[in-house]
Structure formats: C-alpha cells, structure tokens
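Letters A, B, ... mirror the listed sequences (proteins, then strands); counts begin at 1.
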Protein chains: 2
Amino acid sequence: MERRSPAAVKAAVEERPMSRRDVRRLMEQRILHAAAVVFSEAGFDGATTASIADLAELPKANVHYYFGTKEALYKRVLSEILDLWISQMDVFQVENDPAEALAEYIRTKIELSRTYPVESRVFANEVIHGAPYLKRFLRTKLRQRVEEIEGVFAAWADAGQVDKVDAKHLMFTLWAATQTYADFAAQTSAVLGSQQIPDVAADQLTQIVLRGCGVRA
Amino acid sequence: MERRSPAAVKAAVEERPMSRRDVRRLMEQRILHAAAVVFSEAGFDGATTASIADLAELPKANVHYYFGTKEALYKRVLSEILDLWISQMDVFQVENDPAEALAEYIRTKIELSRTYPVESRVFANEVIHGAPYLKRFLRTKLRQRVEEIEGVFAAWADAGQVDKVDAKHLMFTLWAATQTYADFAAQTSAVLGSQQIPDVAADQLTQIVLRGCGVRA
DNA sequence: CCGAAACTTGACCAGTCGGTCAGCTAATTT
DNA sequence: AAATTAGCTGACCGACTGGTCAAGTTTCGG
C-alpha cells in the first residue's frame, strides 16, 4: 500500500491542496484534543505520549515532533483551558445588575461544564495536585481578578443592591458548585443516574445564591 | 551500625515489648498514611511504591509485604476515606431541625477539609478520573443515601420548615463548596494568600444556603 | 529452648515510558 | 527542475517502575 502524508490524504479527500500552515494547525489541534482527553482520564503522570498518539491516530514520534516534550504539550493544553476559564469572569462589572451578572455567570459556567468537561477535568487535576504549572498564574492574575471582583461586590453592597458578602469565598463556592458537574461527573451522574446536567442544576444554584446574598431584583 | 527490627527499636524507645499484632498495626498505619500523602500529591499513576516506602521510612519490599500490590494499597486508602465521608451525612434526619442539620453538616464538612486535606484529595482525584474503584459504591450506597436525604428534605418542605428544594443538587453544591477548600487548596490559598481556612468560609456558606433554601429558624 | 511462622530486605527482573534519530517523502522556494 | 526546507516515522535507548525472591533475622507457641 502506498504511503501518503496526512496532508496529501486530506487534500485528496477534500479535493483541494492544503498548505503547510493548514496541516500544522490541523495536526496541532488534533494532538491537543487527544492530549486533553488522555490527560483528563489519567492525569499528567498516568498519560502516555503513546496513548495520546494513538487517540490522535498518529505515530508517537509525530507528537514529539510537534510539541517536543510531554510537559510542553501539557502546558499548552492548560493554557488553552485557562483562556476559556478567565474570560467568564468579565460579567462582574459595577455597572451590571448583580442579579443578572450572577445568573449569567452561573449559567455560562455550568454550560462550560457541559461543553468542555474534559478540559475542566485537566484543570481540576492540575490544581488538586498543587498546581505545579499554574501556581504563578493563581497567585498573580487570578488573585488580582478576584480582588477586582471584591471591589465590584463592595460597590454593589454600598448601593444597596446586595448584602455585604465575602466575594472571595462566594467565588470559591460558585467555582466549586458549577465545576462539580464536570470535575466530579462520575459522582453526579452516579447519583442522578444520567450523564446529562439538568437545567435545574443552574436554576437552583442561581436561586440559592441570589436569595442567599440578598440580591435585590 | 547494628541493625534492629522496627519492633525492637520501638520497644527499646518505649521500654516495653511490642507484640506482633501491635507491630503489624503500626506498620500498616505508617504505610497507609504515607500512601495517602503520595497518592494525593501524584495521583495513582504518578505515585511510586518506592516514594511511599521512603516517606514511611521502610524498604520498598516491606510495603509489598504488607499490602501486596500498589492497587490493593490504594483501595485500602480509599476505603478508609470513605468511612470518614459517609458518616457525615447522618445529620440529615427528619426529626432534626433543618437549620441546625445544614449548619452542622457544613461546619463538620469544612472541618474535615481542614483536618484531612490529603485524604480528601485522594478521593477527589479518584472521582475526577472516572472513579474506577468507587463507581460501584457511588451508584449503589451513595445514591441510596442521597435518595433518603431527598425524602428528608421533602418531609421538611411538607412541614413548612424549608422551601421545596432539589436535594440531590443541593448535596452536590454542599459537597463541592466544602471540599473545594481541601481539593483546590492550591487555588483558594493562592487567592487568599494563606493556607488557613478562615471561619468565614463555613459561616458565609451556611448563611447563603439557609437563606437560599428558605429555612425557617 | 527449639522449630515453625512471621517479618525484613538488598538485589534483581521484565515491562514500560519519554524521548531521540537516521533516513525517508512531500512541499516550497529559487 | 534543482535545492532547500518541513514533515514523517520505525527502530531504538537509557531510566525507571511494580513486583519478586532468596536468604536472612526475630518472635512466639509448645
């Protein structure tokens, strides 16, 4: 059987040539996705570059050609997840309505657990094991961002829109309660008897938090 | 330097002999604790029996003598954690006051995160990776226990002591929000700038949940 | 006090892992 | 179309892992 490069195969199937840049992006995406799946299932140490390569349907040497080391690949996976993660927090602005902001945050955060459970678990695994690669980020960027949000909640409280709350611990609660549907899916699905995250999850959490924080509608 | 058995050393230090049974219990406890620490830091795959042995200050062969395989040792660590975990849920009884039960549950659960962070992380790690060894337990015992609690909340709601709530998702929220201080300690301590779990954590969570669920005092 | 059973441990092994590399093909540039 | 660059991959390697074992030592029932 004739050997053909992935680019050649792809070009033949789609009947148009692929540029080197396209092939590289395609391969990198394929490997990154396979890596996320394997890392989420086995953790950093348990994951093998061979199984990542298998899932991506590539020779192992190819994975190393694109990303060098397993550690570098892991870091790339993590940083892609981080981007998803931080951008969610933008709803907490003084000019926004606290009820709407909280409801929106909970809704999108649980939606993220629904859409990217694999990525969420890689992140959770990293943090559980002491965040060796994310410690710096957590102590600088994340901490700053949370302190800004603390200011937003203080302003809302001053305006009488919401009770005085400890914003840091509120964020911890929100992160935990929303991500549990992705990170601890084995637990929630075992209890619920279903893999699906029902809408009541977000609805009830929103209600509890809004009433619990005395948010004025 | 003269070589002496652990039992002999211990007996010499405490100036009284140790029976075989005592030595065995002592060794098993030492290995189990070391294993919990190593498993929590590296996960099942990342943990090595050699590093467990090092932490327990024993030769590696000794670890295998007492527990056979790494998997058997892991299962023992898990089952010890489970015992801690389930017993907490006994506060949810119809005859108890919902406000007191919830406050007590949150308080003891966060206390557990403070006292046994290592064990909590081993459990979290297991669940994140799909609970290969706990799946059966989650689907039978835990699910049953949660369904009983569901009945308790229904009874409380009928008696007008609390709003109608989805008990399953409330439990998910409570588990997540309390364990986050142990499991994601790298995150919470990075944001708080301290390893300690402040009392406001339990206090605020209790307040939010009580008000959020419309618990009548 | 003696023989059996339990405990201890250094040395060892087969298997697996991350990573390398030579030698090849395909795409791009000149 | 030749030369150069990028992409591809089977075969290989040193390091490490879980687990074994033989040869000892210690404990303890009888």
**Asked** Between A/His129 and B/Asn125, do the side chains contain an N or O donor and an N or O acceptor separated by less than 3.5 Å?
**Response** yes
**Message:** In this structure, how many angstroms lie between the P atom of C/dT8 and the CD atom of B/Glu57, rounded?
**Reply:** 15 Å
**Asked** Over how many whole Å does the gap from B/Asp54 atom CG to C/dT9 atom C1' extend?
**Response** 14 Å
**Message:** Are the side chains of B/Thr178 and B/Leu112 in contact, using a 4.5 Å heavy-atom criterion?
**Reply:** no
**Request:** Find the distance A/Leu58:CG to D/dG10:C1' and express it as a whole number of Å.
**Result:** 15 Å
**Asked** Picking from C/dT9, D/dT9, D/dC8, which would you name as closest to the side chain of A/Pro59?
**Response** D/dT9
**Request:** Would you tell me whether B/Gln88 and B/Trp175 have side-chain atoms, one donor and one acceptor, within less than 3.5 Å of each other?
**Result:** no
**Request:** Verify the contact: side-chain N or O of A/Arg24 to OP1 or OP2 of D/dG7, cut-off strictly under 4.0 Å; return yes or no.
**Result:** yes
**Prompt:** Just how far, in rounded Å, is P of D/dT9 from CG of A/Asn62?
**Reply:** 5 Å
**Asked** Rounding to a whole Å, what distance do you find between A/Arg30:CZ and D/dG7:P?
**Response** 15 Å
**Item:** ring pair (Phe, Tyr, Trp, His ring centres under 6.0 Å) partner of B/Tyr74, the single match among B/Phe67, B/Phe123, B/Phe39
**Value:** B/Phe39
**Request:** Find the distance B/Tyr66:OH to C/dA6:P and express it as a whole number of Å.
**Result:** 12 Å
**Request:** Figure out the CD1/C1' separation between B/Ile31 and C/dC7, and round it to whole Å.
**Result:** 12 Å
**Asked** From D/dC8, C/dC7, D/dG10, pick the nucleotide closest to the side chain of B/Tyr65?
**Response** C/dC7
**Item:** Validation row: B/Val165, A/Gln204 side chains within 4.5 angstrom (heavy atoms)
**Value:** yes
**Request:** Taking the side chain as every heavy atom from C-beta outward, state whether B/His169 and A/Val200 have any atom pair closer than 4.5 Å.
**Result:** yes
**Request:** For nucleotides 12-19 of chain D, just jot down a letter per nucleotide in 5' to 3' order: B, S or -, based on protein non-hydrogen atoms under 4.0 Å.
**Result:** -----SBB
